[in-house]
Protein chains: 2
Amino acid sequence: MLELRHLRTLQALHETGSVSRAAARVHLTQSALSHQIRVLQAHYQSPIIQRHGHAVQLTEAGRRLVQLAEKILGEIRAAERDLAKISQKATGSLRIVLECHTCFDWLMPIMDTFRADWPDVELDLVSGFHSDPVHLLRHGAADVVIGSEPGLQPGIVHFPLFRFEILAVLAPGHELGKKRVLEAQDFSRDMLITYPVPDERIDLIRQVLIPANVTWQRRTAELTVAILQLVASRRGIAALPGWGITNYLDYDYVIARRIGRRGLWSDLYLSVREETATLGYLQDFLATIRQVCFAKLEGVRPLRAAKQRKK
Amino acid sequence: MLELRHLRTLQALHETGSVSRAAARVHLTQSALSHQIRVLQAHYQSPIIQRHGHAVQLTEAGRRLVQLAEKILGEIRAAERDLAKISQKATGSLRIVLECHTCFDWLMPIMDTFRADWPDVELDLVSGFHSDPVHLLRHGAADVVIGSEPGLQPGIVHFPLFRFEILAVLAPGHELGKKRVLEAQDFSRDMLITYPVPDERIDLIRQVLIPANVTWQRRTAELTVAILQLVASRRGIAALPGWGITNYLDYDYVIARRIGRRGLWSDLYLSVREETATLGYLQDFLATIRQVCFAKLEGVRPLRAAKQRKK
DNA sequence: ATCAACTATGAACACTATTCATAATTATGC
DNA sequence: GCATAATTATGAATAGTGTTCATAGTTGAT
C-alpha cells in the first residue's frame, strides 16, 4: 500500500513546501501528487498535510513519514551503490571542470562524501579558466563539466541538475535597495563585481545588460567572500546565486534584490562523455548532487519538469 | 525501479529457498516472481540468485538486497505502528486463547516484543482448556483465539496464520524409525503421548487414526518438554509440529518421521470479533506473528496461497 | 525411465497510477 | 476591491506495466 513513490513525494513535499514544486521535483504532475496524498490519508485514516492557504505544513503523521523517507531512501541509495560496485569495477577518475565559480560552495561537501563512498575513484577539480570546457571532455583532459546551457554535442551527454535564481547583491542601505526589483539601467551607475571570466559567461551581462543596451563597469575578484566584502564596503554591486548568499543575508551583511520582473534564472547541467554516463559512480555522483542541492540549497528548482519520460 | 514488492519477494525467497514457496508467501504466482527476479537482474546487471538444481541460493548482490529488505521492511512496520497510534488510540486489551499448546513456544517471544511496542495494550493469556473458544470471544471473555479450522461464524473474523507439518516423534533407535513414513497402523502398538485435550482436538487422532479405524492408547503431559522426555525414555510416541522439535532433533534427543505419504498438516488461524479486526494493534500483532513465524519456524508454509485478493 | 514438482517465458489481461481537463481556491498587482 | 495569475482538488480517460494464464523446459525422486 505504501510505496517508495509515496516516500519520494513526501520528501519533496517537505523540502519544497508546495505540491506543484514537489511534483516537478519527482517528475510528475501536480495532479498526480494530489491524488497520492489523498490515497495516503485515506489509507492511514489521518491527515498528512495541513494547508495554510497555499503553503502546506506536515502534520505529525506527515513528519513521521518524512522521517521514514529520509532513512529508507538513504538506505536504498547505499545499497544500490554497493550493487553498482558488485556489477562493475569501482575504480576510475572523475576530473571535474566548474564553469560556475560559486558552485564550489556546494560541491566541496559533496566531494567529501563521494570520496568516502568511492575510495577508489580519483576525484579532482580541473583548475583554471577554460573557454570551451566540453573540449576538455573530448580530449580526455576532464571527465565531468558542471555548467550551463549546453549545446547539443554528439558523443556528450547532458544531465540537468537544477535551476536557480541569480540575485543582485547590494550593501545594506544602498539606495537601489529601495526598489523591490532592479532593472538593467540600475546597473549602469555602480561598479559591477564579478568572477574573473569573460563578459559572455556572466549571465547578468549576457541576458540583461547587453539586450537592454546598457553599459557597465566591471572589476573582478576570485572568491565569493571577496566579492561580498567589496559589495558590503560599497565598492560596487554583484549578481550571485541566491543559495550562495543566504548566510550573508541572514546576518544583514548584504541585501539582495530580484533582477527583472520574472527574475534572472540560470540552469545548471552536468555533462560527460557518453561512455562515462553509464558508470555506477557517475550516476551516484549525479544522484548525490541532486539530493544534497535540493535539500540544502535555498530557492533551487528542478529542471525539465514534468515533460521528460523516464526510460 | 526497485520497489517494495521486490524487497518482500527477495526476503521471502531468502526464507523459503524456493520461488514457488516464496510466491505463496507474498500472495503471487510463481510466474510473477520469476518475472520480478528477471527484471531485477536486468536492472542491476548482475545475477541475484544462483540455482543448484531447484534450490536457489542468493548471490552477493542478492544478499545485499535481502539485508536492505530486512532493514527497510522493519522500518516501515515501525513507522506504520506509529501512524496507527496517531490515528487511533493505542490502548485496549488482547486476551489470547491458545487452542494449540505447542504454540506457546513461538508466542512467548512475540508477546515480549509486542509489549514493548504497545505498552498500553494489556496482553494476557486466557489459561485453562476451553471446549468452544469462539464462545469466549462472543462473550467478551477473550479477544483473540489462535487455533485451527474455524467454521464460518457471523461476527467473527478469521485471519490465516500458516500451515505446518505434524511429525511423529520417536526415541532414537525405535524400530518404527526404520520406516521413512509412518501409517495409521504404526500407532496402535505404542502409547500415544499428547497434551491433555479431548480426542477430537488431536489432529493425529481425528485425521489419521479414526478414519483408518485404528485403536490407540493415550497418556497426557502438560508441557512439550515433558512429552519429549517421555518419548525419549521410550514410554511412547508423540505427534508434534515440526518447528516445535527442531532443537531436539538437532541433538538427536528424539527422531521424527512423516505421517502418511503426504504428511499430516495442520492450519493455524487467528480469530477475533469483527470490531477487533480493524484495530491498529491487532493488525500489528498479526503482522508480527506472520513475520516472526515465517522467518524463524522451520517448515512453516503460507496459507491461502495465491487465491486471495488484497482489498 | 517415468512421473511429479518446480521453474522460465511469451502473450493476454487487469489493474491502477498518471495525465488531462476543469473547477475551486488563494495570492498578488494595480 | 477587482482582475489576473498561480496554486490546488477532483472526476474521467488514458497509458503503462505487473500479474496471470498457458505451456514448455528442468530437475529430482522412485
Side-chain angles (χ1 to χ4, degrees), chain A residues 1-10 12-13 16-43 47-58 62 179-181 258 260-263 301-302 305-311, chain B residues 1-10 12-13 16-43 47-58 62 179-181 258 261-263 265 301-302 305-311:
Chain A
M1 269 294 356
L2 179 75
E3 292 293 336
L4 293 180
R5 88 186 89 93
H6 296 129
L7 296 180
R8 292 188 232 277
T9 294
L10 267 284
L13 212 49
T16 62
S18 140
V19 177
S20 21
R21 276 198 298 269
R25 174 145 336 158
V26 295
H27 303 298
L28 290 174
T29 61
Q30 163 270 323
S31 175
L33 289 226
S34 210
H35 283 295
Q36 279 191 12
I37 297 167
R38 224 158 57 96
V39 168
L40 275 185
Q41 316 215 50
H43 180 242
I48 288 174
I49 59 173
Q50 223 171 348
R51 303 214 142 278
H52 296 32
H54 278 167
V56 298
Q57 196 167 4
L58 291 160
K179 302 182 69 173
R180 285 254 280 287
V181 169
R258 170 160 284 195
R261 278 206 44 150
R262 311 222 150 244
R301 309 213 162 183
K307 266 323 188 226
Q308 109 186 124
R309 194 113 313 189
K310 60 213 145 186
K311 84 148 229 189
Chain B
M1 269 293 355
L2 178 74
E3 292 294 335
L4 292 179
R5 89 186 86 94
H6 296 129
L7 295 180
R8 293 188 231 278
T9 294
L10 266 286
L13 212 50
T16 62
S18 138
V19 177
S20 22
R21 276 198 299 268
R25 174 146 333 159
V26 295
H27 304 298
L28 289 175
T29 61
Q30 163 269 322
S31 175
L33 288 226
S34 211
H35 284 295
Q36 279 191 11
I37 297 168
R38 224 158 57 97
V39 169
L40 275 185
Q41 316 215 54
H43 179 243
I48 288 174
I49 59 173
Q50 222 171 348
R51 306 213 139 279
H52 295 31
H54 278 167
V56 298
Q57 196 167 5
L58 292 160
K179 301 182 69 173
R180 286 257 278 286
V181 170
R258 170 159 283 195
R261 278 208 44 148
R262 311 223 149 243
W265 294 82
R301 308 214 162 183
K307 266 321 188 226
Q308 109 186 122
R309 192 115 313 189
K310 60 212 142 182
K311 85 145 227 191

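Residue numbers begin at 1 in each chain, while the letters A, B, ... track the order of the sequences.
If you measure from atom CG of A:Leu40 to atom P of D:dA9, you get 13 Å, rounded to the nearest angstrom. C:dA17 atom C1' lies 17 Å from atom NE2 of A:His27, rounded to whole Å. Remark: P of D:dT17 and CD of B:Gln36 are 15 Å apart, rounded to the nearest angstrom. Between B:Arg8 atom CZ and D:dG18 atom C1' the separation is 15 Å, expressed in whole Å. Atom CZ in B:Arg21 sits roughly 13 Å away from atom P in C:dA5 (whole-Å rounding). With rounding to whole Å, A:Leu13 atom CG is found 14 Å from D:dA9 atom C1'. In this entry the distance linking CG of A:Leu28 with C1' of D:dA15 reads 14 Å, nearest Å. Summarising the geometry, the separation between CD on A:Glu3 and P on D:dT17 is reported as 15 Å, rounded to the nearest angstrom.
Between B:Arg25 and B:Pro302, the closest heavy-atom pair is N-CG, 3.5 Å. The shortest heavy-atom contact between B:Gly62 and B:Leu10 is O-CD1, 4.3 Å. Between B:Leu2 and A:Arg8, the closest heavy-atom pair is O-NH2, 4.3 Å. Of all non-hydrogen atoms in B:Ser34 and B:Val19, the two that sit nearest each other are N-CG1, 4.4 Å. The two residues A:Gln41 and A:Ile48 come nearest to each other via the heavy atoms OE1-N, 2.6 Å. In terms of heavy atoms, A:Gln36 sits closest to A:His6 at OE1-CD2, 3.9 Å.
You'll find the side chain of B:Glu3 reaches within 4.5 Å of the side chain of A:Leu4, heavy atoms only.
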With side chain to side chain contact (heavy atoms under 4.5 Å, CB included) as the criterion, how do A:Thr16 and A:Val56 come out once you've worked through the C-alpha distance, each side chain's angles and the decisive distance to 0.1 Å?
CA-CA 9 Å; A:Thr16 62; A:Val56 298; over 6 Å; no

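In this structure, CG on A:Leu58 lies 9.5 Å from CD on A:Gln50, to the nearest 0.5 angstrom. Note that NZ of A:Lys179 and CZ of A:Arg258 are 14.5 Å apart. Values are rounded to the nearest 0.5 Å. Taken to the nearest 0.5 Å, the CG atom of A:Leu33 stands 12.5 Å off from the CZ atom of A:Arg21.
Among the protein residues, B:Arg262 comes within range of the sugar-phosphate backbone only, with heavy atoms under 4.0 Å from sugar or phosphate atoms but none that close to a base.
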In B/S/- notation (B base, S sugar-phosphate only, - none; protein heavy atoms under 4.0 Å), nucleotides 24-30 of chain D written 5' to 3' is --BBS-S

Protein and nucleotides 8-11 of chain C: nitrogen or oxygen contacts under 3.5 angstrom:
from   : atom 1 : to      : atom 2 : distance (Å)
C:dA8  : OP1    : B:Arg51 : NE     : 2.9
C:dA8  : OP2    : B:Ser34 : OG     : 2.9
C:dA8  : N7     : B:Gln30 : NE2    : 2.7
C:dA8  : N6     : B:Gln30 : OE1    : 3.3
C:dT9  : O4     : B:Ser31 : OG     : 2.9
C:dG10 : O6     : B:His35 : NE2    : 3.1

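When each of A:Leu33 and A:Arg261 is assigned the nucleotide of DNA chain C bearing its nearest heavy atom, the one mapping closer to the 5' terminus is A:Leu33.
In this model, the phosphate group of D:dT7 is not approached by any side-chain N or O of A:Ser20 to a distance below 4.0 Å at OP1 or OP2.
Axis angle, first five pairs versus last five pairs of the helix from C:dA1-D:dT30 to C:dC30-D:dG1: 40°, rounded to 10°.
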